[in-house]
Asks: 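Please see the structure below; I have some questions.
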Amino acid sequence: MLPSGRITTFYSYKGGTGRSMALANFAWIVAASGKRVLAIDWDLEAPGLHRFFRPFLTDSDLFETDGLIDAFWRFAASAVVKASFAQPNAREYKTEVSDALEDSTRRLNQQFAAGGYIDFICAGRQGATYSERVNTFDWKRFYELGGAEFLTATKKHLSERYDWILIDSRTGVSDTSGICTIQMPDSVVGCFTMNRQSVDGITAILQSIRDFRSPSVDGSEIKFFPLATRLENGESRRLEIARAYARGHMGKFLPSNAQSNPRAYWDKMEISYRPSYAFEEILAAFGDASGAKGAADSMLSQVEGMAQIVAGEPQLHMPEVLDEDRARVLELYAFDGRIPQAAPRAATEQEAEDSDFRRRVIAKQQVWRKSRFNWRYLLSRHELDLVADDDIRIFGRDVNMFITQSRRAHSLFKFIDRAFFACLAGFVLIALNYRTIYYWLSDEVIVRSSIGRILPSPEVMLAAPIAVLVMFGLIASVRDNLPYGVSSLAVLRLTLAGPFRWKILDYDMTAEEK
């Protein structure tokens with residue numbers, strides 16, 4: 001049985017809170033950590049989530065891509081045809097969901113490490129008839145035709161296929177926002193700005209969700225994650241007052257593990273307004289520098305903190321992005337009519353190879369983290385030989401630590417390999433010359449002393465090298481420079497295996513994707 005994915009709705013009472021921005025960045029960060037992610041633009045009246053994914057969509061303007069409203073229309077048309085027949089069973093609803101969503105799901109053109117990816121379902125095919133298809137859809141009739149069962153089957157279908165299902169909900173109170181906040185999600189991220197209308201509005205909505213959800217939807221509770229957005233730091237006194245007002249209203253909605261220390265929660269659940277993000281819908285992974293050039297007070301750092309709270313993973317972070325990759329993506333985000341800049345110098349073949357190597361190192365570091373620091377995913381000897389001083393300066397702290405652990409691992413392997421071969425040589429010498437050794441000991445020991453009675457047996461003598469090998473393994477296990485994540489027991493196993501252990505291979509991004 002596949003693990004159940006988490007359905008999380010990003011909701012705001014009013015528009016302009018940065019709700020879609022928060023969802024898109026959260027999706028990107030968790031996918032980069034190896035998770036299977038589905039992002040759904042359920043804001044049918046004002047879709048915009050696709051703008052954040054624009055550089056990674058083949059049909060970036062969605063002129064030829066079906067979406068959510070098209071899936072609803074397909075289900076409604078099919079249900080009308082079947083209305084005269086018997087009610088469909090659960091299996092038929094599952095088939096309906098699969099057929100309806102298959103044509104609407106697109107995978108982003110981005111290769112993440114450790115098998116992560118983002119699938120995207122847009123609001124609908126954009127064009128002259130889009131608004132008509134949205135405004136003429138009869139939600140009452142949809143439920144009469146089995147819409148509730150269809151949504152329940154959709155929830156089950158998606159939860160079996162993704163680790164995270166993220167819904168960008170319509171603002172305010174409407175049929176679609178009710179579906180997104182009550183029927184579908186396991187948790188709701190409530191985005192609000194620091195003004196009375198936004199705070200009071202989101203408070204009322206979250207309370208109504210809690211009141212309705214607990215007794216009505218399978219008796220299940222729902223988690224809330226209030227998120228303050230677009231904070232202005234220019235008026236510190238007024239911001240302090242607004243903070244106190246908002247936190248006083250939101251306190252009862254904080255997760256249970258944050259009730260005892262709300263300050264720690266709010267320190268990571270505030271996103272400041274930044275003018276540089278006001279013109280184009282840019283992911284923070286490319287809008288801000290990462291790695292050694294990153295900053296603690298950037299938008300990227302703030303959305304990382306938000307992702308850590310919502311995902312419940314304190315170590316979650318965005319992998320480093322190379323400058324050349326960042327520049328390329330920012331070009332794709334830019335307005336077509338912006339002031340042209342001088343064409344960049346074309347990279348040489350060697351520079352292109354160096355960039356490709358750095359991408360592989362960053363990707364492998366992510367696989368290593370996801371594997372809980374398994375030594376098998378450290379850098380190979382060949383990869384370490386290719387790391388240059390320029391790479392060390394470009395990489396940030398996390399990747400440089402990964403390189404250091406790889407070097408420690410190969411130093412450890414060299415030590416235990418020497419011990420293995422030394423003990424193996426001793427074993428072979430004893431086995432080949434046992435009779436000579438035994439008779440020599442007999443002549444020299446038994447005749448001249450009384451300790452001949454305790455002369456080692458053949459089994460004991462042959463086992464001596466193995467005992468010495470174990471001793472070397474124990475010595476290696478207490479070395480000060482053991483690689484991070486390698487336990488003493490693992491060192492002992494590696495020592496006994498010697499050169500016959502599993503080899504660290506060069507990283508193949510195409511194989512990882514498969």
Side-chain angles (χ1 to χ4, degrees), residues 5 7 9 20 23 27 36-51 53 57-108 117-162 164-170 174-185:
I7 302 179
T9 291
S20 299
L23 185 151
R36 304 166 298 166
V37 181
L38 174 67
I40 305 175
D41 192 347
W42 214 303
D43 188 352
L44 303 180
E45 287 76 8
L49 183 59
H50 64 286
R51 302 295 182 190
F53 300 140
L57 291 170
T58 303
D59 178 21
S60 59
D61 292 317
L62 307 181
F63 290 146
E64 299 178 358
T65 305
D66 286 346
L68 196 63
I69 190 63
D70 306 295
F72 284 142
W73 273 109
R74 279 194 293 271
F75 167 77
S78 176
V80 169
V81 172
K82 297 177 180 179
S84 58
F85 300 96
Q87 291 293 323
N89 56 33
R91 178 174 299 179
E92 290 174 334
Y93 273 118
K94 185 176 181 179
T95 303
E96 292 278 359
V97 169
S98 179
D99 292 343
L101 297 182
E102 182 178 2
D103 293 336
S104 304
T105 305
R106 297 291 184 271
R107 182 156 300 177
L108 299 193
Y117 58 82
I118 297 178
D119 283 349
F120 176 56
I121 298 179
C122 67
R125 182 190 293 261
Q126 300 300 298
T129 63
Y130 175 74
S131 60
E132 180 182 352
R133 280 178 288 138
V134 171
N135 293 327
T136 58
F137 190 80
D138 189 342
W139 290 99
K140 180 179 179 181
R141 179 61 174 160
F142 169 76
Y143 277 96
E144 291 173 352
L145 292 171
E149 292 79 6
F150 176 80
L151 291 174
T152 300
T154 299
K155 183 174 180 178
K156 184 175 185 298
H157 174 82
L158 297 179
S159 296
E160 292 174 348
R161 284 159 177 77
Y162 297 97
W164 286 94
I165 301 96
L166 308 175
I167 298 175
D168 190 11
S169 172
R170 175 63 177 159
S174 64
D175 294 328
T176 55
S177 64
I179 294 172
C180 297
T181 57
I182 295 177
Q183 185 166 358
M184 295 295 291

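Values in this document were obtained by computation on a predicted structure and should not be read as measured data.
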Asks: Working to the nearest 0.5 angstrom, can you tell me the gap between Asp43 CG and Ser169 OG?
Replies: 7.5 Å
Asks: I'd like to check the side chain to side chain donor-acceptor pair (under 3.5 Å) partners of Asp41; sequence neighbours left out, ordered by chain and number.
Replies: none
Asks: Decide yes or no for Asp66 and Trp73: does some side-chain heavy atom of the first lie under 4.5 Å from some side-chain heavy atom of the second?
Replies: no
Asks: Identify, with sequence neighbours excluded, every residue that meets side chain to side chain donor-acceptor pair (under 3.5 Å) alongside Ser104.
Replies: Arg74
Asks: Does the side chain of Trp164 reach to within under 4.5 Å of the side chain of Ile118, using non-hydrogen atoms?
Replies: no
Asks: Restricting to non-hydrogen atoms, name the atom on Tyr130 and the atom on Ile69 that form the minimum distance, rounded to 0.1 Å.
Replies: CE1-CG2, 3.9 Å
Asks: Where is the tightest heavy-atom contact between Leu145 and Ala76, given as atom of each residue plus distance?
Replies: CD1-O, 4.0 Å
Asks: Measure the NE2-CG distance between His50 and Asp168 for me, rounded to the nearest 0.5 Å.
Replies: 11.5 Å
Asks: Could you pull out all residues at least two apart from Thr105 that satisfy side chain to side chain donor-acceptor pair (under 3.5 Å)?
Replies: none
Asks: Taking side chain to side chain donor-acceptor pair (under 3.5 Å) as the test, write out the residues that go with Thr58, two or more places apart.
Replies: Asn109
Asks: Do Arg125 and Asp61 meet the salt-bridge criterion of a basic N to acidic O distance under 4.0 Å?
Replies: no
Asks: Quick check: do Ser20 and Arg51 have side-chain heavy atoms less than 4.5 Å from each other?
Replies: no
Asks: Apply side-chain contact (heavy atoms from CB on, under 4.5 Å) to the pair Trp42 and Arg170, showing each step before the final yes or no.
Replies: CA-CA 6 Å; Trp42 214 303; Arg170 175 63 177 159; over 6 Å; no
Asks: Check ring pair (Phe, Tyr, Trp, His ring centres under 6.0 Å) between Phe142 and all other residues, then give those that pass, not counting sequence neighbours.
Replies: Phe72, Phe75, Phe137, Trp139
Asks: Set out, in order, the CA-CA distance, both residues' side-chain angles and the distance that settles side-chain contact (heavy atoms from CB on, under 4.5 Å) for Thr65 and Leu57, then state yes or no.
Replies: CA-CA 10 Å; Thr65 305; Leu57 291 170; over 6 Å; no
Asks: Find the distance between OG (Ser159) and CE (Met184) and round it off to the nearest 0.5 Å.
Replies: 7.5 Å
Asks: Among residues two or more places apart or on two chains, list those pairs meeting salt bridge (Lys or Arg N to Asp or Glu O under 4.0 Å) that have a residue in residues 128-139.
Replies: Asp70-Arg133
Asks: Between CD1 of Ile167 and CG of Leu49, what distance do you get to the nearest 0.5 Å?
Replies: 11.5 Å
Asks: Treating Glu64 as the side-chain partner and Leu62 as the backbone partner, does any N or O pair qualify as donor plus acceptor under 3.5 Å?
Replies: no
Asks: Between atom NZ of Lys156 and atom CZ of Arg161, what is the distance when rounded to the nearest 0.5 Å?
Replies: 8.5 Å
Asks: Can you give me the closest heavy-atom contact between Leu23 and Ala39, atom names plus distance?
Replies: CD2-CB, 4.2 Å
Asks: Between Thr152 and Gln183, is the side-chain contact (heavy atoms from CB on, under 4.5 Å) condition met? List the steps.
Replies: CA-CA 8 Å; Thr152 300; Gln183 185 166 358; 3.9 Å; yes
Asks: So how far is it from Phe150 CZ to Lys155 NZ, rounded to the nearest 0.5 Å?
Replies: 15.0 Å
Asks: With side-chain contact (heavy atoms from CB on, under 4.5 Å) as the test, would you mind laying out the steps for Leu166 and Leu38 before giving the verdict?
Replies: CA-CA 6 Å; Leu166 308 175; Leu38 174 67; over 6 Å; no
